[in-house]
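Here is the structure we will look at.
Residues: numbered from 1 along the sequence shown.
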Amino acid sequence: MAARDTVRKKPKDTKGTFKRLIVYIGHYKWILMLVFALCFTSNILALLGPSMAGAAINEAAAGAGKVNFDRVYYYAGRMLLCYVLSSLITVSINIIMMFVSKWIAKGMRRDVFDKLMRLPVGYFDRNQAGDIISRVSYDIDVVSTCLATDVVQILTSLVTVVGSFAMMLYISPTLAAVVVITIPCAVIYVTKMRSITQPRFAKRSKNYGIMNGFVEEMFSGQKTIMAYAYENRVAENFDKINGAAADAYYNADYYGITMGPTVNSINNLGLSLIAVFGSFLYMGNRISLGQISSFVLYSRKFSGPINEIANITNELYSALAAAERVFGLLDEEEEPEDRDQAAELAGVKGNVKLRNVSFGYEKNKTILHNLSLQADAGKLVAIVGPTGAGKTTIINLLMRFYDVDAGDILVDGRDNRDYTRRSLRGAYAMVLQDTWVFRGTIYENIAYGREGAERKDVVAAAKAAHIHSFIMRLPHGYETVISEDGGNISKGQKQLLTIARAMLYDARMLILDEATSNVDTSTERRIQKAMRELMKDKTCFVIAHRLSTIQNADHILVVDQGDVVEQGNHESLMERKGFYYRLYASQFE
């Protein structure tokens with residue numbers, strides 16, 4: 001019962017991912033230029049502080065009775081002013097970046113959602129809903145948090161490092177050379193750790209996607225789990241997946257948290273060397289006590305950002321790993337473009353013909369073999385057969401959720417690939433066994449798909465679907481709000497709502513895939529009778545396992561293992577006493 005691994009295992013493309021993030025950031029380049037200017041100003045003010053401190057110390061170190069307290073207070077006041085102004089500017093920068101990161105996250109989510117609307121059905125068949133949701137929510141949140149905090153920190157650190165080093169060179173080139181010795185050590189260490197930590201952060205994002213997918217899958221099947229007393233097994237499986245996610249998190253952070261202290265130790269080694277060489281320079285009257293003090297403060301400012309960048313590196317790797325997953329979704333192959341000169345399907349008559357159609361979801365694994373079918377306008381065509389025979393696959397091809405590998409599907413005498421997908425799908429109304437309702441009023445759920453539907457039309461459709469009386473017994477009638485996924489109504493009632501929705505939808509063709517499986521036989525027959533009246537002169541495709549419900553079909557297609565084994569009406573098929581006869585008889589034995 002383990003969750004499927006739906007995430008790529010290849011190493012992350014740091015450079016490519018970073019370039020693509022820059023594209024999103026580039027939309028706000030003028031704001032970012034302002035942020036950079038503010039960062040520069042804030043850091044210059046902060047860098048003036050140590051020089052003021054050094055000047056104050058020199059005044060205080062003049063000797064007993066020689067201290068000029070006015071000058072000390074002057075330098076101390078200016079130092080305080082610089083730090084206060086720097087802090088205020090930094091707060092403003094953080095507020096601006098919060099808004100920028102929010103806008104970028106909003107844009108990424110919009111792009112991801114728009115992409116999901118353009119992806120073929122096959123993508124959702126192959127990937128868990130939980131993993132997709134994880135990319136839309138968790139992964140983009142990680143990227144947003146990084147942009148809000150880490151980008152500012154990096155900008156600040158760069159200005160601080162360059163400014164501090166310039167001031168150290170100004171104070172004492174000799175001591176500055178001592179500091180430079182420790183830089184390659186820190187850079188080599190961070191580079192080495194990058195190759196170790198980056199794959200672990202990628203694995204962490206992958207395992208979180210697997211865990212989210214498993215949790216979503218289990219929550220959607222909670223009633224089944226309880227019915228089969230499978231709670232303990234599910235908990236055990238979750239413990240394994242949760243443990244793998246926790247281990248991935250630990251392995252990523254274990255190496256990540258060592259970077260900061262190690263780099264800090266290297267920087268402290270530099271301070272020790274400064275203390276030693278600074279003492280010699282002071283004794284040789286080549287540097288003052290205040291200058292040494294300022295140099296030490298600048299060296300801390302110089303090494304501090306390097307240490308922070310080492311810590312930030314972990315978060316950057318995590319954000320890049322998350323961004324890679326988001327961009328991986330954005331790079332998924334969309335539904336092919338409509339053919340050049342594809343026409344809008346208008347004035348639909350409803351003549352559908354499948355001619356020598358072959359298809360397989362995977363290469364070299366054909367499900368339908370040279371299938372042919374003629375559905376005349378206004379006729380009811382039933383597709384029957386054992387489980388796995390290919391019935392739903394035929395519906396997927398009619399709706400162009402997938403395109404045929406060989407053969408043709410003609411609608412009103414023209415290849416369905418010569419029509420735009422939007423107009424072709426709009427010509428069908430569809431009711432599936434897996435019902436879907438959304439949080440909203442019953443009226444909104446029935447009117448879904450038909451913009452501007454009038455109240456009387458909605459009520460007429462509900463009456464035809466035999467759900468009007470149930471609706472009127474609810475506290476607020478048609479304005480009653482359905483909870484998410486219809487949790488406050490039964491499965492049968494949800495199915496009747498979707499049937500009413502299809503009845504209201506002004507389409508020339510109707511597809512019913514086990515659409516009445518959750519209602520009783522008596523209600524099903526009444527619905528079918530009402531539906532036939534409502535869908536008069538419209539082509540209907542019905543997939544049904546209960547063969548007693550399709551006896552009045554104009555044409556019955558009997559499918560087995562992807563082949564049409566029989567076709568005709570109920571009476572003719574029963575007279576043959578072949579596959580259909582045996583299938584029908586087996587339901588009454």
Should [X] and [Y] count as side-chain neighbours, where that means a heavy-atom distance under 4.5 Å?
| X | Y | answer |
| --- | --- | --- |
| Asp418 | Arg339 | yes |
| Val565 | Val559 | no |
| Gln567 | Tyr580 | no |
| Met509 | Val411 | yes |
| Leu21 | Val143 | yes |
| Arg417 | Asp403 | yes |
| Val352 | Phe541 | yes |
| Met117 | Phe113 | yes |

Closest heavy-atom contact between [X] and [Y]?
| X | Y | result |
| --- | --- | --- |
| Ile471 | Ala462 | CD1-CB, 4.1 Å |
| Val431 | Ala502 | CG2-CB, 3.2 Å |
| Leu497 | Ile482 | CD1-CD1, 3.6 Å |
| Leu368 | Leu371 | CD2-CD1, 4.1 Å |
| Ala461 | Met503 | O-SD, 3.9 Å |
| Val142 | Ala319 | CG1-CA, 3.7 Å |

So how far is it from [X] [atom1] to [Y] [atom2], rounded to the nearest 0.5 Å?
| X | Y | atom1 | atom2 | answer |
| --- | --- | --- | --- | --- |
| Leu119 | Phe124 | CG | CZ | 5.0 Å |
| Met399 | Asp513 | CE | CG | 11.5 Å |
| Phe359 | Asp405 | CZ | CG | 6.0 Å |
| Met108 | Arg20 | CE | CZ | 9.0 Å |
| Ile394 | Leu557 | CD1 | CG | 5.5 Å |
| Ile383 | Leu373 | CD1 | CG | 6.5 Å |

Check your understanding: Any chance CD of Glu332 has more than 12 other-residue heavy atoms, nucleotides or ligands included, within less than 6.0 Å?
Key -> yes
Review point. Do other residues, nucleotides or ligands put more than 12 heavy atoms under 6.0 Å from Phe579 CZ?
Key: yes
Can you tell me if [X] uses its side chain to pair, donor with acceptor, with the backbone of [Y] under 3.5 Å?
| X | Y | answer |
| --- | --- | --- |
| Arg400 | Leu424 | no |
| Arg126 | Gly122 | yes |
| Arg135 | Val326 | no |
| Asp408 | Leu410 | no |
| Arg508 | Val348 | yes |
| Lys391 | Val558 | no |
| Ser423 | Glu344 | no |
| Tyr505 | Gly426 | yes |
| Asn356 | Gly407 | no |
| Lys115 | Leu330 | yes |

Point to revise | Test salt bridge (Lys or Arg N to Asp or Glu O under 4.0 Å) applied to Arg414 and Asp412, step by step | key: CA-CA 6 Å; Arg414 187 171 181 177; Asp412 291 344; over 6 Å; no
Point to revise | Residues Arg425, Glu335; criterion salt bridge (Lys or Arg N to Asp or Glu O under 4.0 Å); working and verdict | key: CA-CA 14 Å; Arg425 291 171 182 170; Glu335 281 191 321; 2.6 Å; yes
Exercise for review: Decide yes or no on side chain to side chain contact (heavy atoms under 4.5 Å, CB included) for Arg109 and Asp141, but give the supporting numbers first.
Suggested key: CA-CA 10 Å; Arg109 284 199 178 92; Asp141 281 342; 2.5 Å; yes
Exercise for review: I would like to know whether Leu116 and Val136 meet side chain to side chain contact (heavy atoms under 4.5 Å, CB included); could you show each step before the answer?
Suggested key: CA-CA 10 Å; Leu116 291 172; Val136 177; 4.2 Å; yes
Under 3.5 Å, is there a donor on one side chain and an acceptor on the other for [X] and [Y]?
| X | Y | value |
| --- | --- | --- |
| Ser572 | Asn569 | yes |
| Tyr419 | Asp338 | no |
| Tyr478 | Asn445 | no |
| Thr393 | Tyr402 | no |

Review point. Step by step, would you call Tyr24 with Asp111 a side chain to side chain contact (heavy atoms under 4.5 Å, CB included)?
Key: CA-CA 11 Å; Tyr24 277 94; Asp111 291 346; 2.7 Å; yes
Practice item. Determine, step by step, whether Phe401 and Ile395 satisfy the side chain to side chain contact (heavy atoms under 4.5 Å, CB included) criterion, reporting the C-alpha distance in whole Å, the side-chain angles of both residues, the deciding distance to 0.1 Å, and the verdict. Key: CA-CA 9 Å; Phe401 293 147; Ile395 300 304; 5.8 Å; no
